[in-house]
K.L.:
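Before I ask anything, here is the structure I am working with.
The basis for the numbers below is simple: all heavy atoms, side chains too, and nothing from hydrogens, waters or symmetry mates. Numbering of residues begins at 1 and proceeds along the displayed sequence. Computed from a prediction, not measured in an experiment: that's the story for all the values here. Whatever order the structure lists them in is the order used to number ligands and atoms, beginning at 1.
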Amino acid sequence: MSGLGTELDAVVEELRGADKLLLTTHENPDGDALGSLIGMHGVLTQLGKDPVMYLSPEEFPLPHELRDLESADIVTAPPADMGERVAVFLDCGNIDRMPVDFLQREGIHILNIDHHHDNTRFGTANLVDPGASCTAEIVWRLARELGAELTPRIAAALYVGLITDTGRFMYENTTAAAHQMAAELIEAGVEPHRVFSRIYESLPVARVRLLERALASLERYDGGAIARLHLTVADFEQTGAVENDSEGIVDHARALEGTAVAVLVRDLTGDRAGKRKVSLRATDGRVDVSEIARAFGGGGHRQAAGATTELELDALTEEIRAQVRRQLEAV
Ligand code: AMP
Ligand code: MN
């Protein structure tokens, strides 16, 4: 990545020069989205700047496991002085993943900080590092460049991004840098056991009931190369689970012996009724699931990607099978 140092320098300059900023991330924010957001906010505040964080009001309450990242500083309406603010997008691969009008207007000055390899580079300045395990890792680097101290609050937020996006240091993006970052964050006050137990334990029972249904729905295709789980609207209603309670469930299909691609299909409700959210996970380098997700209008990483589609379950499954077959044959 020859241009990466230049991109880093340019974004550091932009951040140094900015006074008022608005930080945001993608819709349905996950641990890396919120961790990067809160961490970056802490860094910029420490530097004496005026950063506000924006999330759509629909994102609240935040997912149960991320409840510790609730912050009174997050606003849910466009600030009146938006015209004076530099917009900073974190962990957002394309601008349509933050579907609010006021951030998509012409003329907005955007810093785009992300680690998705298929980032559409929609920023005025872009810092896109697909080699970073998580966007929080890029924020960690920026903090050092900007001379900010890792306070316990900043460290805790960045640690959440790190452990969630690396699947607790299990996925292919788990690098030496990821572990070096973990060490530094622990030195800055993070208590790993406490964070892990807040995120992965004390589960709402509805979440376990939903998992039970998802596991019961398992279908395998093509000799087990594809493992598909499916959650219906009734599964959510009858267990009392919310959409986010399905987070992480796809990993159970990924962990199955013989799986090349794990799929979780969730039927959506409300104003997205009739649509399905599909999560894709690859177990090794043979299949690039982000390519499949892009065919459905989504995107992501080679090993973890997602999309929202109107295709029916059967048609969707057939399309995924065809694409996986094509990619496996090309190896
Ligand atoms: P998920 O399956 O929602 O956990 O998402 C897995 C990965 O795919 C994450 O890195 C997301 O950022 C990315 N992703 C999920 N949905 C979309 C989408 N609609 N468009 C682009 N990227 C997505
Ligand atoms: Mn991320």
K.L.:
Should the heavy atoms of other residues, nucleotides or ligands under 6.0 Å from CG of Asp101 be counted, would the total exceed 12?
P.N.:
no

K.L.:
Quick one: are the ring centres of His301 and His117 less than 6.0 Å apart?
P.N.:
no

K.L.:
Please, which pairs that meet ring-ring contact (aromatic ring centres under 6.0 Å, His included) have at least one residue in residues 158-191, sequence neighbours excluded?
P.N.:
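Qualifying pairs: Phe169-His179.
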
K.L.:
Locate the shortest heavy-atom distance separating Cys134 from Asp32; write the atom from each residue and the value.
P.N.:
CB-OD1, 3.5 Å

K.L.:
Looking at every non-hydrogen atom in both residues, tell me the closest pair between Ala77 and Tyr54 and how far apart they are.
P.N.:
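Shortest heavy-atom separation between Ala77 and Tyr54 comes out as N-CE1, 3.8 Å.
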
K.L.:
Do His116 and Val128 have side chains that get closer than 4.5 Å, going by heavy atoms?
P.N.:
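A side-chain contact under 4.5 Å is absent here.
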
K.L.:
Before giving the answer on side-chain hydrogen bond (donor to acceptor under 3.5 Å, both in side chains), spell out for Ser246 and Arg266 the whole-Å C-alpha distance, their side-chain angles and the decisive distance to 0.1 Å.
P.N.:
CA-CA 8 Å; Ser246 61; Arg266 283 169 283 172; 2.9 Å; yes

K.L.:
In this structure, are over 12 heavy atoms from other groups packed under 6.0 Å from Glu191 atom CD?
P.N.:
no

K.L.:
Do any protein N, O or S atoms sit under 2.8 Å from the Mn ion (ligand 2), and which ones are they?
P.N.:
Asp32 OD2, Asp91 OD1, His115 NE2, Asp165 OD2

K.L.:
Under the salt bridge (charged side-chain N to carboxylate O under 4.0 Å, His left out) rule, collect the residues that match up with Glu149, sequence neighbours excluded.
P.N.:
none

K.L.:
Hey, which residues fall under 4.0 Å of ligand 1 on heavy atoms?
P.N.:
Arg97, His116, Glu247, Lys277, Ser279, Arg281, Gly298, Gly299, Gly300, His301, Ala304, Ala305, Gly306, Ala307

